Student: 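Before anything else, here's the structure in question.
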Number of protein chains: 2
Amino acid sequence: MNTDQLFKNINKHISLSAVEESHIRSLLAEKHLSRNDYILKQGEACPFIYFVNSGLLRAFFLNPSGKDNTVMFALRDWWITDMHCFLNGLPAMVNIQAVKPCHVLCLSKASLDSLFEDIPKFNRFFRILMQNAYCREQLRMIQNLSLPAKDRYEGFLTKYPQIANMVTLKQIASYLGITPEFLSSIRNQKKGK
Amino acid sequence: MNTDQLFKNINKHISLSAVEESHIRSLLAEKHLSRNDYILKQGEACPFIYFVNSGLLRAFFLNPSGKDNTVMFALRDWWITDMHCFLNGLPAMVNIQAVKPCHVLCLSKASLDSLFEDIPKFNRFFRILMQNAYCREQLRMIQNLSLPAKDRYEGFLTKYPQIANMVTLKQIASYLGITPEFLSSIRNQKKGK
DNA sequence: GAAAAAAAATAAGATAGTTTAAGAATTGAA
DNA sequence: TTCAATTCTTAAACTATCTTATTTTTTTTC
């Protein structure tokens, strides 16, 4: 199991001893996903948080009438889960699916809780993770509220150029909260200029 | 300085000794705000996080063309700041203004950092605060993307009935990302039924 | 490398939400 | 208590975005 990327990620914020690292390693499972595989489905239990070693995942919500809304993408070096349901032991609200073949490391809720107890500074690490996630989400909210679709699209291209290159127009539209047809027409306008 | 509410808030997640409580108390300042007073203005420094002892605050973003978007409200027992700018020492992106007269406790970034060092379990407390904030924001994002304005309005009334009673229609519209005129017409439709 | 499947483009008609503007109702400050 | 300011309502014209349907292009699979 390759955990280099993971510990590079964690050590950005706290420093772990070799013993602590190997303790964490003992709590992890790994999973290889093919394109389109699901690691989480709406309505099912959500006992894991995933660290992305490689590949690209997409979390999305299907509303009762089948409309697809992308909650987030996760590239290499990102953490992903349905946080609310993971933390509170609730059935998942969102689906998480591999957009590209993925290699992920899985940490269960029980293991995470044990880390908070056994390695107290892990609280600090996760606090920073949550701070960043909250700020990112808040910024997205401000932009969704204050900008028209075209500007949101340009913001997305600037902020996540790698992701923009790996996902379909449909998935970008679903992230921006517009229809693929409308995004297609936005692209077309831009070309015109 | 009345800190009962504050420690009730903190002790929901960690338990503090009397010594720790009085240490925290020594780091706090308090502030009384009249209606419409600002505790934060876009572009200015954002060195504090505020705990609301009483009253009601609103954080909002004014885009270049003057459109007002409400980022959050904060009632008694809530924490509020421009989190991204507070944590990273950046000029504020949002304004925070008293909707009703307020009594708030102020904690500086430097004091918060010192708490993370001196009372390590404070990391746990703040982690949980950030988890909740992130999940709340994510849920709001899903609803904004997947629901029409009328449903978002009903969701707001159900989730925050107290706030709905204390703020203007204009401010609710600004939170929902629609114009006051359109919210007024939604209200009118509902009355019709 | 060809057939099948999925994605993207295009276009016309429909709708949710905005803009502007004016009058009615509330609210706040003196 | 009154007056000025703000907020709320209403309505018509307008626009961004959606829906539906068809065609073209790209991708996947056998």
Side-chain angles (χ1 to χ4, degrees), chain A residues 33-37 55-56 58 60 62-70 73 97-101 143-157 163-193, chain B residues 33-37 55-56 58 60 62-70 97-102 143-157 163-193:
Chain A
L33 304 168
S34 305
R35 205 173 87 85
N36 293 336
D37 283 356
L56 174 60
R58 183 175 76 102
F60 63 100
L62 284 180
N63 82 358
S65 46
K67 191 180 159 200
D68 168 321
N69 293 106
T70 295
F73 295 103
Q97 189 181 25
V99 173
K100 299 282 175 188
Q143 288 171 347
N144 274 322
L145 292 175
S146 69
L147 299 177
K150 188 178 150 220
D151 297 358
R152 268 144 55 208
Y153 175 53
E154 281 167 7
F156 180 78
L157 292 183
I163 296 175
N165 270 327
M166 298 170 85
V167 303
T168 63
L169 170 147
K170 202 174 169 180
Q171 290 167 338
I172 297 177
S174 148
Y175 181 87
L176 298 174
I178 60 178
T179 58
E181 292 83 355
F182 188 49
L183 179 51
S184 184
S185 94
I186 288 173
R187 274 191 179 171
N188 205 34
Q189 276 172 245
K190 284 174 47 118
K191 241 187 315 184
K193 282 197 207 148
Chain B
L33 304 168
S34 306
R35 204 172 88 84
N36 294 336
D37 282 357
L56 174 60
R58 182 174 79 101
F60 62 101
L62 284 180
N63 81 1
S65 46
K67 191 180 160 202
D68 168 322
N69 293 105
T70 295
Q97 188 181 25
V99 173
K100 300 281 175 189
C102 290
Q143 289 171 346
N144 274 322
L145 291 175
S146 69
L147 300 177
K150 188 178 150 220
D151 297 0
R152 267 145 53 208
Y153 175 53
E154 281 166 7
F156 180 78
L157 292 182
I163 295 175
N165 271 328
M166 298 170 86
V167 302
T168 63
L169 170 147
K170 201 173 169 181
Q171 291 167 338
I172 297 177
S174 149
Y175 181 87
L176 298 174
I178 59 178
T179 58
E181 293 83 357
F182 188 50
L183 179 52
S184 184
S185 94
I186 288 172
R187 274 191 180 169
N188 203 35
Q189 276 171 245
K190 285 176 48 121
K191 241 188 312 182
K193 281 199 208 145

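Chain letters run A, B, ... following the sequence lines, proteins first and then strands; every chain starts at 1. Computed from a predicted model, the values in this text were never measured in an experiment.
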Student: In this structure, how many angstroms lie between the P atom of dA16(D) and the CG atom of L183(A), rounded?
Tutor: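 Value for this atom pair: 16 Å.
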Student: Bend across the helix from dG1(C)-dC30(D) to dA30(C)-dT1(D), to 10°, with axes taken over 5 pairs at each end?
Tutor: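 That helix gives 70° between its end axes.
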Student: To the nearest Å, give me how far apart CE (M166(B)) and P (dT7(D)) are.
Tutor: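 M166(B) atom CE is separated from dT7(D) atom P by 16 Å.
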Student: Enter the distance from Q171(A):CD to D68(A):CG here, rounded to the nearest 0.5 Å.
Tutor: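 The CD atom of Q171(A) sits 8.0 Å away from the CG atom of D68(A).
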Student: Please assess L183(A) against I172(A) for the test side-chain contact (heavy atoms from CB on, under 4.5 Å), listing each intermediate value before the final yes or no.
Tutor: CA-CA 8 Å; L183(A) 179 51; I172(A) 297 177; 3.8 Å; yes
Student: Send over the distance from Q189(B) CD to dT9(D) C1', rounded to a whole Å.
Tutor: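 From Q189(B) CD to dT9(D) C1': 14 Å.
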Student: Starting at CG of D68(A) and ending at C1' of dC18(D), how long is that distance when rounded to a whole Å?
Tutor: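 Roughly 16 Å, once rounded to whole Å.
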Student: Apply side-chain contact (heavy atoms from CB on, under 4.5 Å) to the pair V167(A) and T70(A), showing each step before the final yes or no.
Tutor: CA-CA 12 Å; V167(A) 303; T70(A) 295; over 6 Å; no
Student: To the closest 0.5 Å, what do you measure between CG (L56(A)) and CG (L33(A))?
Tutor: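 Going from the CG atom of L56(A) to the CG atom of L33(A) covers 11.5 Å.
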Student: Atom CG of D151(B) and atom CG of L176(B): how far apart are they, to the nearest 0.5 Å?
Tutor: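 D151(B) atom CG to L176(B) atom CG measures 11.0 Å (nearest 0.5 Å).
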Student: Measure the distance from CG on N188(B) to P on dT10(D) and round it to the nearest whole Å.
Tutor: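 My rounded result for the distance is 4 Å.
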Student: Would you confirm whether R58(A), through its side chain, and V99(A), through its main-chain N or O, come within 3.5 Å as a donor-acceptor pair?
Tutor: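 Answer holds: no.
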Student: Protein within reach of the bases, or only the backbone? For nucleotides 11-30 of chain C, mark each nucleotide 5' to 3' as B, S or -, using heavy atoms under 4.0 Å.
Tutor: B-----BBBB-------S--
Student: Where do M166(A) and F73(A) land on the side-chain contact (heavy atoms from CB on, under 4.5 Å) test, with the steps shown first?
Tutor: CA-CA 11 Å; M166(A) 298 170 85; F73(A) 295 103; over 6 Å; no
Student: Between CG of L145(A) and NZ of K67(B), what distance do you get to the nearest 0.5 Å?
Tutor: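 Those atoms lie 7.0 Å apart.
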Student: Do we see a donor-acceptor contact under 3.5 Å between the side chains of R187(A) and Y153(A)?
Tutor: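 A pair is found: one side chain offers a donor N or O, the other an acceptor, under 3.5 Å apart.
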Student: Kindly give the atom pairs (protein nitrogen or oxygen, nucleotide nitrogen or oxygen) under 3.5 Å for nucleotides 4-7 of chain C.
Tutor:
| residue | atom | partner | partner atom | Å |
| --- | --- | --- | --- | --- |
| dA7(C) | OP2 | K170(A) | NZ | 3.3 |

Student: How far apart are the closest heavy atoms of K170(A) and P180(A), and which atoms are they?
Tutor: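 Closest approach of K170(A) to P180(A), heavy atoms only: CG-CG, 4.0 Å.
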Student: Take atom CD1 of I172(B) and atom P of dC8(D), then tell me their distance rounded to the nearest Å.
Tutor: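 In whole Å, dC8(D) P lies 8 Å from I172(B) CD1.
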Student: Would you say S34(A)'s side chain and D37(A)'s backbone share a donor-acceptor pair under 3.5 angstrom?
Tutor: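 No: the side chain of S34(A) does not pair with the backbone of D37(A).
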